[in-house]
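What you see is a predicted model, and the numbers here were worked out from it, not measured in a lab. Below, chain A is the first sequence line, B the second, and so on; all start at residue 1.
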Number of protein chains: 2
Amino acid sequence: MSKSNTKNTINAVSIDLFYKKGYFATSISDIARASGIQKASIYYHYSNKEDILYDILKTTAYDINESIDKCLTGVNSAEERLRIAIQNHVFFHIDRQKEAIISDSELRGLSVDNYKAIVKLRDEYDYKLQSIIKQGIDQGIFSNMDLKILSYAIITMCTAVCMWFNPSGRLSKEEVAQIYTDFILKGLKRGNFP
Amino acid sequence: MSKSNTKNTINAVSIDLFYKKGYFATSISDIARASGIQKASIYYHYSNKEDILYDILKTTAYDINESIDKCLTGVNSAEERLRIAIQNHVFFHIDRQKEAIISDSELRGLSVDNYKAIVKLRDEYDYKLQSIIKQGIDQGIFSNMDLKILSYAIITMCTAVCMWFNPSGRLSKEEVAQIYTDFILKGLKRGNFP
DNA sequence: GTCTATAGATGGATAGAC
DNA sequence: GTCTATCCATCTATAGAC
């Protein structure tokens, strides 16, 4: 079920504006102007302003869940699964930088029901990453540290790439992912603490 | 130069509201109502709404700089300095949880000059942490990984405690700081990568 | 599906009395 | 220092023509 042309434009323009100015600071007039239409026309495609934000957050949360399932298919060892999952997370947050930043900072714009729906998708994703780390601890590959705290730490750290990564900067996204996986695996792996 | 009673109330109430609802979603009327005064009275103490936010962000940024200088006095070894700096960072973000969250998410509310002033204070703090890691790398205590990326990663990871820490939860702030320092030091230290 | 026009509410901020 | 009263800009959303 793909969007119409106009709806696609509104969506793309909103991603751009929410990224640049923030959700609350962006008005329906701003979106209409940048889309080349009148603001009343927006309400034909979206029922209200929040609906535009919700559409972005839902799609992003859905897509990252799909991407991790896909990239882990057929991979079995805990260490390899974690390496791949981290790389996928870093790549996603670089490739979808604007949406990732919006997802990270504009949850406040949602009313209760929509908020719950996004948090549910996010919890599902977090659970997938936690399960990999748990598998590694259970198998004795990773040392027995606090699962919840460490998975929060790892996810947060990798999510933050969307805040500072510069596509024309010193490092490629492959290099960044490599630095992260090395650091995290070294911190997690067993039997090498001095 | 301490604040008057009313100004203190406005400040405390604003920290609470910005934390709960966000800066843009909080109106001057909200602040006045929660402070028990009329909204016009706020403009006797602050020149505008942004000024209230700027006051909070400036104080928080100043205080964390002061706290790291204080806790590192007289400590020389890179490893010990990093342990103490991480603990201080975690404690600050737990003890000043609301202000830390506002600092992390409401920079958008500032106009250019104020924004630059806060970023400057923040850069000074980041530089202090980076210098410790650099010292450890130069001394051969930490392995020679990418300094910029790792210091971003470490700061972000430790900053995130303010997002999930629950004072009445499973772990004390001392325990959380310990888990973080162990994980980070293990990831950084040299010669133990399998 | 897109437009013009406007309703209706709320926002930040100021004037001036006390 | 705090109040009442008010200005004026702007915002989301709707009505109804085409």
### Task
Would you mind reading off the distance between A:Y23 atom OH and D:dC11 atom P, rounded to a whole angstrom?
13 Å
#### Entry: Length of the CZ-P vector between A:R33 and C:dC3, whole Å
14 Å
### Query
Are B:K173 and B:F165 in a cation-pi setup, meaning NZ or CZ lies under 6.0 angstrom from the ring centre and within 45 degrees of the ring axis?
no
### Message
How many whole angstroms separate atom OH of B:Y43 from atom P of C:dG16?
### Response
18 Å
#### Entry: Lys NZ or Arg CZ of B:K49 over B:Y23 ring: under 6.0 Å, within 45°
yes
### Message
Measure CD1/B:I28 against P/D:dC8 and give the value in whole Å, please.
### Response
20 Å
### Message
Please determine whether a side-chain nitrogen or oxygen atom of B:S4 lies at a distance below 4.0 Å from atom OP1 or OP2 of D:dG1.
### Response
no
### Message
If the cut-off is 4.0 Å, is B:Q38 near the phosphate of D:dT4, judged by side-chain N/O to OP1 or OP2?
### Response
yes
#### Entry: Between C1' of D:dA13 and NZ of A:K39, the distance in whole Å
9 Å
### Task
Return no unless some side-chain N or O of B:Y44 is found under 4.0 Å from OP1 or OP2 of D:dT2.
no
### Task
Nearest whole angstrom, please: distance from the C1' of C:dT10 to the CG of B:D30.
11 Å
### Message
Between B:D182 and B:K186, does any NZ, NE, NH1 or NH2 come within less than 4.0 Å of an OD or OE carboxylate oxygen?
### Response
no
### side-chain N/O B:T6 vs D:dT2 OP1/OP2, d < 4.0 Å
yes
### Message
If the cut-off is 4.0 Å, is A:S41 near the phosphate of C:dG1, judged by side-chain N/O to OP1 or OP2?
### Response
no
### Message
Is there a continuous path of hydrophobic side-chain contacts, each under 4.5 Å between heavy atoms, that joins A:I84 to A:V90?
### Response
yes
### Summary
Taking for A:H45 and for B:K49 the nucleotide of DNA chain C with the nearest heavy atom, the one nearer the 5' end belongs to A:H45
